[in-house]
Protein chains: 2
Amino acid sequence: MPAGRGISAAPPSAGAPPPRRRPPTMQDVARALGVSTMTVSRALRDGTSINAETREAVLRAADELGYVFDSTAANLRRQRTGFVAVLIPSIDNANFADTVGALSAALAAQQLQPLLGATAYDPRQEEALVEQMLRRRPEAIVVTGGRHTARCRRLLETAHIPVVEIWDNPAAPIGHIVGFSNARSAEIVVDHLAAQGFRRIAFLGGDAAGDARGRQRREGFVAAMRRHGLEPSRRVATGTPPVSMRSGALAMRDLLARFPDTEAVACVSDLAAFGALSECQRRGIRVPGAIAIAGFGNFEIAESCVPALTTVDPAPRQIGRAAAAIVKRALAGGDRRETIIIEPVLIVRQSTIR
Amino acid sequence: MPAGRGISAAPPSAGAPPPRRRPPTMQDVARALGVSTMTVSRALRDGTSINAETREAVLRAADELGYVFDSTAANLRRQRTGFVAVLIPSIDNANFADTVGALSAALAAQQLQPLLGATAYDPRQEEALVEQMLRRRPEAIVVTGGRHTARCRRLLETAHIPVVEIWDNPAAPIGHIVGFSNARSAEIVVDHLAAQGFRRIAFLGGDAAGDARGRQRREGFVAAMRRHGLEPSRRVATGTPPVSMRSGALAMRDLLARFPDTEAVACVSDLAAFGALSECQRRGIRVPGAIAIAGFGNFEIAESCVPALTTVDPAPRQIGRAAAAIVKRALAGGDRRETIIIEPVLIVRQSTIR
DNA sequence: CTGAAAGCGCTAACAC
DNA sequence: GTGTTAGCGCTTTCAG
């Protein structure tokens, strides 16, 4: 049943054309003009050799018919989709949202369409998503973190498309990396706090099973504390990711109960840090007078709150842009593996100044 | 040149198979098993009549060959893509990020893949994006707001797919609506402030050209003030969207300079409200003692800061879920237009309590 | 500069 | 339960 028109069996030449249910194709445009589909195809792209007037006529006819180019067909024929799969743990996190925002914008400038997927911090969900995404034949794939299930790794390796792992610096990368040393970022915070003369320094968060990046920060904290000859055991949990302001406040309460003599707190995220700060404000604990607080992420809140929070800038937008740039070069034929490490930058603000 | 293999012209039966550059297809799997492609096709889907053992064999062979289903081909043949286009002004906004998060999750549960696009609050960019998206043959499209260029409207109307306009309540909707009355949300804030006895109430933000929702809130402010017999002229700008904490702080500075006797401020967003609050804290102005502050959006910050901010909950996740539900029903054949209005809910907190 | 033929990888429709 | 045929809407290729 190529056309379930209606009752009339009159030839198309007689009377007005019957209302089509299916959208018009290049063939329809071609027929309306008495040219071949190839001519239409050429008129619709640039860089093709075609008579200027013919092109005009085609464009006009296409517009009148309400023709919309069908890229699903073109994709199949050309074996290129223009898709880039992008997997992140969650959009409900300003850092990832920023990365995705910058990445999407940069991809759009290259005529690439991101296929976004959220893994909810779960490697199994990541595996399922990778499998789904690959069916859509993306030209490249960007994944967050370097921890994957074995099958997921295999899928990524055998897909024969550029793979970019972001927000991490895995020991055994699959392809390209836009790395960020979470451990290092915790270390520079500890270095700063120690330099300020704080000794009894606590770490808040980074305990959750799924949150590899948070855990790495906590490990960096422990390493840096040892290096400074300080006791790294003051650690409290914030619960499952994503870390929230509320969980930061609860963790601060926990911390004050367990380690009341704490002088400074390094938090796994600015959200937790702000929650901790608020908890102090509610209790009338002076920050930084009685206790210093540092965060992570350089969220907007860290700059705006009072006192402004010392934090680490992981440059999420820079990570997104770098990933897009790698994708661009890889698709242009560059075949060497790239490793870009975004160095964490400490931003010192009032919350940790003695 | 159907296969640019290499040098060898030996038949495939001789020796090891040459390394393929192109990924294996159903045909390859079928050949490996001596069955037809249809058998493979059936084995890979469920709900098809096929011998259980045959299916097993096919799945095993597919796995060994590293076969990955190609949905671009299936999409073309079936004339269904499983895509849903989703256009928002920006991801760098917690409200939109939340809407997208909830929408994406709900779509994923329906095996639908969102195609995300950011318009940067610009109707022209929206038009270009709509056009691009439609080429990918989405099965439905979700757009933010009810203001579009004429051509954009026409494109949406003639696409013959479900259209959902969210975060707005346009007078002349294109298709479905998941509405939210921005004006109403400002009104309930004014009602609350007036009930608290405040008279000299200001509005902060909502002046930007591209930000239709912010402007609607400001208009709602003016209307409500008039209704209460109050003077609505205390308004200051926050600059171009997205509204930031910093712009809120700057606007507060402006407000204090121009209208120093202001008693209460309704802000276009919680971010602006928090910026305003911080500015007051820096200047030692008591909130709510000397000046009351209300926000919009029920961002996490509003609950966590001290004092906690009175705000309006627009339920962004609810909007996302409602949009996904409409898409689901529309794709299932429901052909009546749906209008779901999410009622703004006032959340009263300390920042406006006398 | 334009057209005819073939085919991308899959599935609807119809045999058997 | 399985196979054969045709074709989704485009573009590559080659001929004119």
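Residue numbering restarts at 1 for every chain, and letters A, B, ... go by the order of the sequence lines. Atoms considered below: every heavy atom in the structure, side chains included; atoms not considered: hydrogens, waters and symmetry mates.
The distance between atom CG of A:Leu44 and atom P of D:dG9, rounded to the nearest whole Å, is 15 Å. Taking atom CD on B:Gln27 and atom P on C:dC10, their separation rounds to 9 Å, with Å as the unit. Distance A:Asp28 CG to D:dC8 P: 11 Å, rounded to the nearest Å. Atom pair B:Gln79:CD and C:dT11:P shows a separation of 13 Å (rounding to whole Å applied). Rounded to an integer number of Å, the gap from CE of A:Met26 to C1' of D:dT11 is 8 Å. For the pair B:Met38 CE and C:dC10 C1', the computed distance is 9 Å after rounding to whole Å. Summarising the geometry, the separation between CZ on B:Arg135 and C1' on D:dC10 is reported as 13 Å, rounded to the nearest angstrom. Taking atom CG on A:Leu76 and atom C1' on C:dT11, their separation rounds to 13 Å, with Å as the unit.
Backbone-only engagement by A:Arg45 is indicated by non-hydrogen atom pairs under 4.0 Å involving sugar-phosphate atoms exclusively. The residue A:Thr72 sits apart from the nucleic acid: no heavy atom pair falls under 4.0 Å. Across all strands shown, B:Thr25 has heavy atoms under 4.0 Å from sugar-phosphate atoms exclusively, and none from any base. The residue A:Thr37 sits apart from the nucleic acid: no heavy atom pair falls under 4.0 Å.
Residue B:Thr54 has its side chain nearest to D:dT2 when only C:dC10, D:dG9, D:dT2 are considered. Counting only heavy atoms from C-beta on, B:Arg22 has its side chain closest to C:dC8 among C:dC8, D:dT11, C:dG3. Nearest to the side chain of B:Arg78, among C:dT11, C:dC10, D:dT11, sits C:dT11. Proximity note for A:Ser36 (side chain, C-beta onward) versus C:dA13, D:dT12, C:dG3: the nearest is C:dG3.
Salt bridge status for B:Glu131 with B:Arg151: present, with a side-chain N to carboxylate O gap under 4.0 Å. Salt bridge absent: B:Asp63 and B:Arg60 never bring a charged side-chain N and a carboxylate O closer than 4.0 Å.
Across the interface with DNA chain D, nearest-nucleotide mapping of B:Ser49 and B:Ala73 shows B:Ser49 to be the residue nearer the 5′ end. Of the residues near DNA chain D, B:Arg137 and B:Arg42, the one whose nearest nucleotide (by heavy atom distance) lies more toward the 5' end is B:Arg42.
Residues satisfying the side chain to side chain contact (heavy atoms under 4.5 Å, CB included) criterion with B:Ala105, sequence neighbours excluded, are absent altogether.
A:Thr39 has a side-chain polar atom (N or O) that falls below the 4.0 Å cut-off from OP1 or OP2 of C:dG3. Contact between the side-chain N/O atoms of A:Ser41 and the OP1/OP2 oxygens of D:dC10 is not found at any separation under 4.0 Å. Look at B:Tyr67 and you won't find any side-chain N or O under 4.0 angstrom from OP1 or OP2 of C:dG9.
Below the 3.5 angstrom threshold, one finds no donor paired with an acceptor across the side chain of B:Arg77 and the base of D:dG9.
Remark: A:Thr149 OG1 to A:Arg124 CZ distance equals 8.5 Å, nearest 0.5 Å.
The minimum heavy-atom distance linking A:Ala97 with A:Ile91 is given by the pair CB-O, 3.8 Å.
Judged by a 6.0 Å distance limit and a 45° cone about the ring axis, A:Arg136 is positioned over the six-membered ring of B:Phe83.
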